[in-house]
Structures are given as C-alpha cells and as structure tokens.
Peer 1: 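Have a look at this one.
The shown structure was predicted, so the numbers you read here are calculated from the model rather than taken from an experiment. Because only heavy atoms are used, hydrogens play no part in the values below, and waters and symmetry mates are left out as well, while side chains stay in. Below, chains carry the letters A, B, ... as their sequence lines are ordered, and counting in each starts from 1.
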Protein chains: 2
Amino acid sequence: MSNSNESNTQEIIKKTAREVFFQKGLDGARMQDIADKAGINKALLHYYFRSKEKLFEIILDEEKQNFMRYLEDIITSQDITFFEKIEKIVEKQIDNMINAPHLPHFIMNEIIKRPELLNQVIGNSGFKRVFEVFVKQTSAEVKKGTIRNIKGEQLMMNIMCMDTYPFIAKPYFMNLMGIESEAEYIKVMQKRKKEVVEFIITAIKL
Amino acid sequence: MSNSNESNTQEIIKKTAREVFFQKGLDGARMQDIADKAGINKALLHYYFRSKEKLFEIILDEEKQNFMRYLEDIITSQDITFFEKIEKIVEKQIDNMINAPHLPHFIMNEIIKRPELLNQVIGNSGFKRVFEVFVKQTSAEVKKGTIRNIKGEQLMMNIMCMDTYPFIAKPYFMNLMGIESEAEYIKVMQKRKKEVVEFIITAIKL
DNA sequence: TTTTGGTTTAACCAAATGGTTAAATCTTTT
DNA sequence: AAAAGATTTAACCATTTGGTTAAACCAAAA
C-alpha cells in the first residue's frame, strides 16, 4: 500500500466495516475480520478509529441519514398529483433498497438491541413531520373523492411494507421463487416497481 | 424453587432464552443474562443444555416450524373462494405475528449471518410447494376473470410484506404513529387485518 | 537528506465470556 | 431413612477479543 492514503484508507475501512456490520451486526462483527477484509491490520484500524464502538457509531450516523430522508422532496412537492407522488415514492424507495439492501434490517436490528437508538435515528430525520403531511394529503384526497376512504397511516405503511420487506426477506424470497443470483433478484425488483405502483393505485383509486 | 421441575425448569429456560435470543441474537445473547432472567444460575443452564449453541439450535428448531407452515391448510383447502383464502391468510398471518413478533426478524438475522441455515429453515417447511400451488391458483383466477392480471409471486409477496413488515419495523412505526404502548400497537394491528384484506381485494378484484 | 506520517509486525494486556467442576444443599421418591 | 435427582455456590480454566504499545519500515513531501 502506498502513502498519503489517509482519506483513501479511511474510506476503504469504512466501506469494509459497513459491509461487515451490516452482515454481522455490532456484536457479531470482529475487528480482525474487518481489518483482514480491508487488507490492512488491526493496529491501523485502531489508528484511524479509536474503538469498535466509535467506528460503528460513525457508520450508523452516516447510514441513518440515508434512511427515509429522501421522501420529503416528493411528498412536499406541489406540482404533481397524489398518484404521481405514490409512484415516485415507490420507485425511489425501491431504488434505495437496491443500493443499500441491508440498511433497514441493520437499523432495526440495532434498535431492537438498544431501543435508545430509536430517537437518534428517527428524531433527526424529520420524517415524522413529513409523515404527518402525507396523512393530511391522504385525507384531502379522500374528501376530494379521488381515492376511497383510507387512512394515510395505513396507506404509507402498506407502501413501506411492499418496498422494504422484499429486501429484508431477500434470501427467503429468492429461495421461494427459485432465483439463484443477486443480479436476477435485482432485476425482479426493478420490474416490481411498476407492479407495486399498479397494485397500490388500483387499491385506492375510485 | 421446588424439585421435580425437570420439564418445568427446562421450559422456563427455553422461554427465557427465546426472548433473549430474539432480542439480542446469537452473538449478543449472554448465558449469564439468560440464567439471571430465568431466575436460575449458569451452572444449571449448562446442566440442562450443554452449550449455548445447543440451546440456540433447539430454539431455532422449534421456532422455524412455526414459520409459515400454517398457510398450507388455507391454501390447499377446496371449499372456500380465492378471496376468502386471502382473507384467512392475512388474518392468520397477522395473528401469528402478534404472538411471535420477533420471529421473522430473528430468523432473517441468523440467515444473513449464516446463509447455510436457509435450507434448514425453508427446506423442511414445505412451504415452497404450497407457494407454487398458490401461484397456480392465482393464474387460474386470472383466467377465470375473477381477478386482474397479476402474478401469484407478486401477490403473495405483497401479502407477506403487509402482514410481516409492520412487526419488524414495529418500533419505527410506533414512533411514527405516536403509539406509546405495545398493547395499543397490537390493537392497531388487529384492526389492520381487515384494512389489509380490503386493500388487497380491491387491488386485484375485477 | 531529513522529516513526517501512514503502515506493519509482533508481542502483550485486561476484560468478557462460555464452559467445567466439586462439594454442599434441598426436594422428592422409594 | 436412604437414594436420586434438582439446584446452588463458588472457584476456576481457556479462549476470544478489543485494545495498546514500541519498534521498525517505507513512501512522499519539505
């Protein structure tokens, strides 16, 4: 390895650590394993990140920002219809899952182990406020008569369920559907986008 | 504690261990913690279950049987309509989640860490075969013209998503919806049953 | 060339943890 | 009362693992 790699090596470590933490969790992850997979040694690991907890916290901080934040723009936008919003939400959410398939499971995992994390993860995201906006928008659409009577909470829940769970239960669904490779599963998920949109729209449209 | 508790104590240990494993995972769980919460001591733990792995394996074996098996009766039954089947599947599945909320997350967690488990969990369940039956039934309904053109794989995926994910992301949804207690969340999930059924039926019915 | 900082090596420490053991105690059965 | 099994206590061991340290090495910048 060459010199002046400060940011480079640091990034390699973080990228590797992210993968290991995603797969094994905080407890299951081993510093030695991270070092090996990053192609460096344990001493250098601690040279950059003082401790396992520190490293974990940094990665959690970075990841939690990617968790749901992007929905704000779509939901608060004024120039598209409610149905178009749903379409964009589904597409964006599934795209994000394709890019970071382990994220929701990882986040939930750590929240279950240490419930204190919940506020840290959700609190800062501001998604709660956006969520309430969506709930009001849903009521408005019901009043307008564009969709049938449904609560925004349930609708958003259904959307998030259908976008997220196939990635949490990926190995399960892959086996069930006889899909062998990750690549093929991603293709199925790409196609699934418009299936889900159609499913939701059909379920609520009047 | 009294004597001749062989089965009794054994059950207490398993019940406690189940909770701890569900919450902390195999790596995060501590034998001392299990012993404390079960109101016994570490020595007795090893007296009944030789090792942590052994204990874990026993619990995993018991739990994986509760995972999805119950769907067979509903799907293969001849005397109810396709829509009634969906209704029963949703109700049964949500009921099961209420009784064992951590199960799917727990199972997925361990499968991610040790992919070899997948065959052990799904293979024996026989659900794959039942799943294929459902897929054929869906095609048949499409041909009959009772439902719109949709693949059985996607439909079943949607059903499982909406039944399961709200329990995996329970802390997240609770916070989002401003629900304070587990009991209240369960009530919401009870009500949700017919919402989900309505949602699905509306999404596919012609 | 000297200096600086990234990197390795290798030995080491302390704490946590799974697991064992032996003896004593208590309870139920015979 | 004696035997057998359940349970506790408490000490102990071996391993894993996070973390530290000191010395040496090496590449690039000054």
Side-chain angles (χ1 to χ4, degrees), chain A residues 1-62 106 109-110 112-114 116-117, chain B residues 1-62 106 109-110 112-114 116-117:
Chain A
M1 300 283 156
S2 57
N3 199 331
S4 82
N5 271 356
E6 176 173 358
S7 63
N8 198 353
T9 305
Q10 208 162 311
E11 281 311 309
I12 291 174
I13 293 176
K14 283 205 297 196
K15 191 185 165 192
T16 311
R18 195 181 301 121
E19 285 167 21
V20 176
F21 280 137
F22 276 13
Q23 200 185 350
K24 305 279 187 179
L26 172 57
D27 298 308
R30 297 283 157 258
M31 293 299 265
Q32 190 62 58
D33 187 33
I34 294 173
D36 291 346
K37 286 192 171 119
I40 56 158
N41 55 345
K42 213 174 53 167
L44 197 60
L45 237 186
H46 286 91
Y47 173 81
Y48 279 109
F49 305 90
R50 198 172 305 284
S51 71
K52 188 184 183 185
E53 269 68 30
K54 199 85 190 158
L55 176 58
F56 181 79
E57 201 184 312
I58 288 170
I59 285 166
L60 183 66
D61 271 357
E62 288 183 4
F106 169 73
N109 216 2
E110 300 307 324
I112 289 173
K113 280 184 204 158
R114 292 152 54 203
E116 327 85 71
L117 282 180
Chain B
M1 300 283 157
S2 57
N3 199 331
S4 83
N5 273 356
E6 176 173 358
S7 64
N8 197 354
T9 305
Q10 209 162 310
E11 280 312 309
I12 291 174
I13 292 176
K14 283 204 300 197
K15 190 184 167 191
T16 311
R18 196 180 301 122
E19 286 167 19
V20 176
F21 280 137
F22 276 12
Q23 200 184 351
K24 306 278 188 179
L26 173 57
D27 299 309
R30 297 284 157 257
M31 292 300 265
Q32 190 62 59
D33 187 34
I34 295 173
D36 290 347
K37 286 192 171 119
I40 56 158
N41 55 347
K42 215 175 50 168
L44 195 61
L45 238 187
H46 287 91
Y47 173 81
Y48 278 108
F49 305 90
R50 197 171 305 282
S51 70
K52 189 186 183 184
E53 269 67 31
K54 199 83 190 159
L55 177 57
F56 181 79
E57 200 184 313
I58 288 170
I59 286 165
L60 184 67
D61 270 358
E62 288 183 4
F106 168 73
N109 216 3
E110 300 306 324
I112 288 172
K113 280 185 206 159
R114 292 153 54 201
E116 327 85 70
L117 282 179

Peer 1: Short of 4.0 Å, heavy atom to strand atom, which residues of residues 21-35 of chain B count as contacting DNA chain D?
Peer 2: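 Output list: empty, so none.
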
Peer 1: Distance check needed: dT21(D) P versus L44(A) CG, whole Å only.
Peer 2: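 Rounding to the nearest Å, CG of L44(A) and P of dT21(D) are 16 Å apart.
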
Peer 1: Taking OH from Y47(B) and P from dT9(D), how many angstroms apart are they, rounded to a whole number?
Peer 2: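 Going from OH in Y47(B) over to P in dT9(D) covers 16 Å.
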
Peer 1: Taking the side chain as everything from C-beta on, heavy atoms only, tell me whether L60(A) gets closer than 4.5 Å to F21(A).
Peer 2: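 Contact flag for L60(A)/F21(A) side chains = no.
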
Peer 1: Nearest-Å distance, NZ (K52(A)) to P (dT20(D))?
Peer 2: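 That distance rounds to 14 Å.
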
Peer 1: Please examine the side chains of L55(B) and L45(B), heavy atoms only from C-beta on, and report whether any two atoms are closer than 4.5 Å.
Peer 2: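 SC-SC contact between L45(B) and L55(B) confirmed.
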
Peer 1: Sequence neighbours excluded, which residues qualify as side chain to side chain contact (heavy atoms under 4.5 Å, CB included) partners of E62(B)?
Peer 2: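 Partners of E62(B) by the side chain to side chain contact (heavy atoms under 4.5 Å, CB included) criterion, ordered by chain and then number, come out as K14(B), R18(B), I58(B).
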
Peer 1: Quick one: does K52(A)'s side chain have a donor or acceptor within less than 3.5 Å of a partner on L26(A)'s backbone?
Peer 2: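 Present.
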
Peer 1: The criterion is side chain to side chain donor-acceptor pair (under 3.5 Å); which residues satisfy it with D27(A), sequence neighbours excluded?
Peer 2: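 With neighbours one apart ignored, the set is K113(A).
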
Peer 1: Does a side-chain N or O from T9(B) land closer than 4.0 Å to OP1 or OP2 of dT7(D), or not?
Peer 2: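 Checking T9(B) against dT7(D): at least one side-chain N or O falls below 4.0 Å of OP1 or OP2.
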
Peer 1: Of all the nucleotides listed (dT8(C), dT7(C), dG19(D)), which has the minimum atom distance to the side chain of A43(A)?
Peer 2: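 Taking heavy atoms from C-beta onward, the closest nucleotide is dT8(C).
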
Peer 1: Report yes if the side chains of K24(A) and R30(A) come closer than 4.5 Å at any heavy-atom pair, otherwise no.
Peer 2: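 With C-beta onward as the side chain, the pair stays apart.
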
Peer 1: Report yes if the side chains of K42(B) and H46(B) come closer than 4.5 Å at any heavy-atom pair, otherwise no.
Peer 2: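 Yes, close enough: below the 4.5 Å cut-off.
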
Peer 1: Can you check the F56(A) CZ to dT17(D) P distance for me, whole Å?
Peer 2: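 The answer, rounded to whole Å, is 18 Å.
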
Peer 1: Is the shortest side-chain N/O distance from N41(A) to OP1 or OP2 of dT8(C) below 4.0 Å?
Peer 2: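 For dT8(C), OP1/OP2 do have a side-chain N/O of N41(A) under 4.0 Å.
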
Peer 1: Give the rounded distance in Å between these two atoms: OH of Y48(A) and C1' of dT8(C).
Peer 2: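 The distance from OH of Y48(A) to C1' of dT8(C) comes to 13 Å, rounded to the nearest Å.
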
Peer 1: Without decimals, in angstroms, what is the distance between L45(A) CG and dT17(D) C1'?
Peer 2: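 Those two atoms, CG and C1', are 13 Å apart.
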
Peer 1: What integer distance in Å separates L55(A):CG from dT17(D):C1'?
Peer 2: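 Going from L55(A) (CG) to dT17(D) (C1'), I get 15 Å.
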
Peer 1: Tell me the interatomic distance from H46(B), atom NE2, to dT8(D), atom P, rounded to whole angstroms.
Peer 2: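 So the NE2-P distance, H46(B) to dT8(D), works out to 15 Å.
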
